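This one's a predicted model, so the numbers in the text were calculated from it and none came from an experiment. Basis for what follows: all heavy atoms, side chains included, without hydrogens, waters or symmetry-related copies. Counting starts at 1 for both ligands and their atoms, following the listed order.
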Amino acid sequence: MAEKKEKKYVAASEDSKKARQTKQVPNEDVIRAVKEAKPVGNPTPLRIGAVCLWVLALVFEVLALMVFLGKVDLKFMPQIPQLIAFLVLDLIAVIVGAQFWKKANHIDPVSEANQVKFWLWNNMGLIAMAICFFPFIILVLTNKEADKKTKTIATVAAVICLLIGGVASYDFNPVSVEQKEAAMDVLGSETVYWTTFGKVYHTHDDCSHLNQSETLTYGTVEEAIAANRVRLCKTCANRDGISGVATDN
Ligand SMILES: [Zn+2]
């Protein structure tokens, strides 16, 4: 077995740093305080930012279409590079918006009681992506006046954007309010650890899965979920005999 690496600890927040420095022992008061604490971060500006970026993306889609139709011409660039530039701007705006949206959902998750609603809400970025590319693709394909070469390039470029954007906007780690509450009920006052690229959080910083990690971020389970680590490490869960908290398999 490889040697354990010397670890560097990074606090997820000032509160977590203080809790560690004072070696706070979880007691009833602490548990209550953690549960009643405001969610980490504020989801509202993130959601507003996401919607603004998606509107901007829509503007870029319209501009790309106008360039295609010859109604907008920036002169200093030929038509095809102009068209691709607007599609790329469209793509960037949707992806950045989707990241804001996903972050907001990890801070303030919705209920999974209604699965359809849960999926639609979490994947609003994917829906925005469809709205910001499909109309363009359909209008280009059904256009009878443009030459074949321009049509092909415009369609291929938009489809590539749609694929890249789809993967970047989809939430592969959705979290529900039920999942978050279950985790906070069990681990609300505990310090948990996660690595820079890891997908789960751990209750033990000496967990065997962390042997090769140099940097550990620590914080509350709520901070771990906000940081997109929505499941507990299975090894740690078994070690603590924890059940009822989402784990990795
Ligand atoms: Zn672990």
Practice task
In sequence, state the C-alpha distance, the side-chain angles, and the governing distance for His204 and Asp240, and then conclude on side chain to side chain donor-acceptor pair (under 3.5 Å).
Solution key: CA-CA 9 Å; His204 298 278; Asp240 291 338; 2.7 Å; yes

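A side-chain N or O of Arg47 and one of Asn105 form a donor-acceptor pair less than 3.5 Å apart.
As for His202, its N/O/S atom nearest the Zn ion (ligand 1) is the one called ND1.
Just one residue in the list Trp101, Phe133, Phe100, Phe60 forms a ring pair (Phe, Tyr, Trp, His ring centres under 6.0 Å) with Trp54, and that residue is Trp101.
For residue His204, no N/O/S atom approaches the Zn ion (ligand 1) to within less than 2.8 Å.
Between the side chain of Asn122 and the main chain of Phe118, a donor-acceptor pair closer than 3.5 Å is present.
Here Cys207 contributes SG and Cys233 contributes SG, and at the Zn ion (ligand 1) these two atoms make an angle of 110°, given to 10°.
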